[in-house]
Amino acid sequence: MPNRFSLIVASVAICLGQQAAPDILSPAPDSRFSKGPVRVIARAEGKAELLLDGRSIASESPAAGVLLAHVEPAVGVHEIRLKTEKGEQKIRFSVGEGSFAAFREHPPVAKCETCHAVKNGVWSLQRTSPVLLCFQCHNKETFPKTHTHIPGVLADCQMCHNPHGWSTAAFLTMKKEQACKLCHN
């Protein structure tokens, strides 16, 4: 399961122009879906392959380093694997009933271009920072009440939240206590 540290490392590597390890951005690990299509979003440099339960699945690349696939697996537990020359990542998810928490997609994800654009041939954010991008929809005035910080203190919303969706309230990728410990002892 990717942890917040791996996502931060991947973000820093991308900012520095380095190749990041393969990263499945959606679905969230150990999440549950209703029967129907599941959107797979992944980031990988170079040659990459997505597999569902060991079988290759068709994917498109809306931009270099980005893979997008739609799968419709049967009811049960499944594994998505992203294989690249740099390594691989695996996550499990379920369709139908099960003990995993329900996955909730972040509404802007329905259209990638809400947050992303191709700039100089590279898939990147529409704005210069994730914080500016998030405040296009989220209320900057209520932010300190929830986060106990002013917006400028937290440089990247993705340190704690997955903007593609997750299986927890507020798309938190960790418990709030863990999130605070990223910066505080």
Side-chain angles (χ1 to χ4, degrees), residues 1-17 20-34 36-44 60 62-70 80 89 91 93 100-120 122-185:
M1 171 176 161
N3 60 30
R4 187 64 359 217
F5 179 74
S6 70
L7 294 175
I8 293 168
V9 168
S11 297
V12 170
I14 288 169
C15 290
L16 296 175
D23 197 9
I24 299 170
L25 303 172
S26 180
D30 299 330
S31 58
R32 178 176 34 86
F33 291 81
S34 300
V38 173
R39 183 193 326 234
V40 179
I41 305 169
R43 178 175 46 217
E60 60 182 281
V66 178
L67 294 173
L68 178 63
H70 295 85
I80 291 276
Q89 182 190 6
I91 63 152
F93 70 96
F100 294 151
F103 181 83
R104 294 178 311 111
E105 191 170 78
H106 192 218
V109 173
K111 188 174 178 192
C112 301
E113 294 79 16
T114 302
C115 301
H116 295 281
V118 177
K119 296 178 186 174
N120 300 321
V122 177
W123 191 243
S124 61
L125 295 176
Q126 291 266 3
R127 301 279 181 180
T128 55
S129 82
V131 173
L132 293 174
L133 185 64
C134 295
F135 286 131
Q136 287 184 144
C137 299
H138 295 280
N139 188 328
K140 195 173 189 175
E141 310 313 316
T142 60
F143 181 90
K145 294 174 188 161
T146 309
H147 296 82
T148 64
H149 283 289
I150 59 170
V153 172
L154 300 174
D156 187 351
C157 302
Q158 294 180 71
M159 287 176 63
C160 304
H161 303 274
N162 187 315
H164 297 99
W166 210 253
S167 52
T168 60
F171 309 112
L172 280 171
T173 59
M174 64 189 82
K175 294 181 188 296
K176 187 173 181 179
E177 299 76 38
Q178 287 177 281
C180 294
K181 289 179 182 177
L182 287 173
C183 300
H184 302 281
N185 290 335

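Keep in mind that what you see is a predicted model, and the values were worked out from it rather than measured. FYI, the numbering just counts along the sequence from 1.
- Shortest non-hydrogen contact noted between Ile41 and Leu68 is CG1-CD1, 3.9 Å.
- Partners of His116 by side-chain contact (heavy atoms from CB on, under 4.5 Å), not counting sequence neighbours, listed by chain and number: Trp123, Leu125, His164.
- Taking the side-chain contact (heavy atoms from CB on, under 4.5 Å) definition, one finds that Ser34 meets it with nothing, sequence neighbours left out.
- Proximity of a side-chain donor or acceptor of Arg43 to a complementary backbone N or O of Gly65 within less than 3.5 Å is not detected.
- With Ser31 contributing its side chain and Ala102 its backbone, the two residues share no donor-acceptor pair below 3.5 Å.
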For residues 174-183, which side-chain N or O atoms pair as donor and acceptor with protein atoms under 3.5 Å away, sequence neighbours left out?
from, atom 1, to, atom 2, distance (Å)
Lys176, NZ, Thr146, O, 3.1
Gln178, OE1, Lys175, N, 3.1

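- With sequence neighbours left out, the ring pair (Phe, Tyr, Trp, His ring centres under 6.0 Å) criterion links His138 to His106.
- Under the side-chain contact (heavy atoms from CB on, under 4.5 Å) criterion, Ala170 pairs with His161, Leu172, not counting sequence neighbours.
- Taking all atoms of both residues into account, the shortest heavy-atom contact from Leu25 to Asn162 is O-ND2, 3.3 Å.
- When side chains are defined from C-beta on, Trp166 does not count as touching Pro27, because their heavy atoms never get closer than 4.5 Å.
- Partners of Arg32 according to the salt bridge (charged side-chain N to carboxylate O under 4.0 Å, His left out) rule, which considers only residues two or more places apart in sequence or in another chain, do not exist here.
- With rounding to the nearest 0.5 Å, the separation of SG in Cys157 from CZ in Phe135 is 6.0 Å.
- Asp23 contributes atom CG, which lies 10.0 Å from atom CD1 of Ile91 (distance to the nearest 0.5 angstrom).
- In terms of heavy-atom proximity, Asn139 sits nearest to Glu141 at OD1-N, 2.6 Å.
- Residues Phe100 and Asp30 come closest through the heavy atom pair CB-O, 3.2 Å.
- When all heavy atoms are compared, the tightest approach of Phe103 to Gly165 is CE1-C, 3.6 Å.
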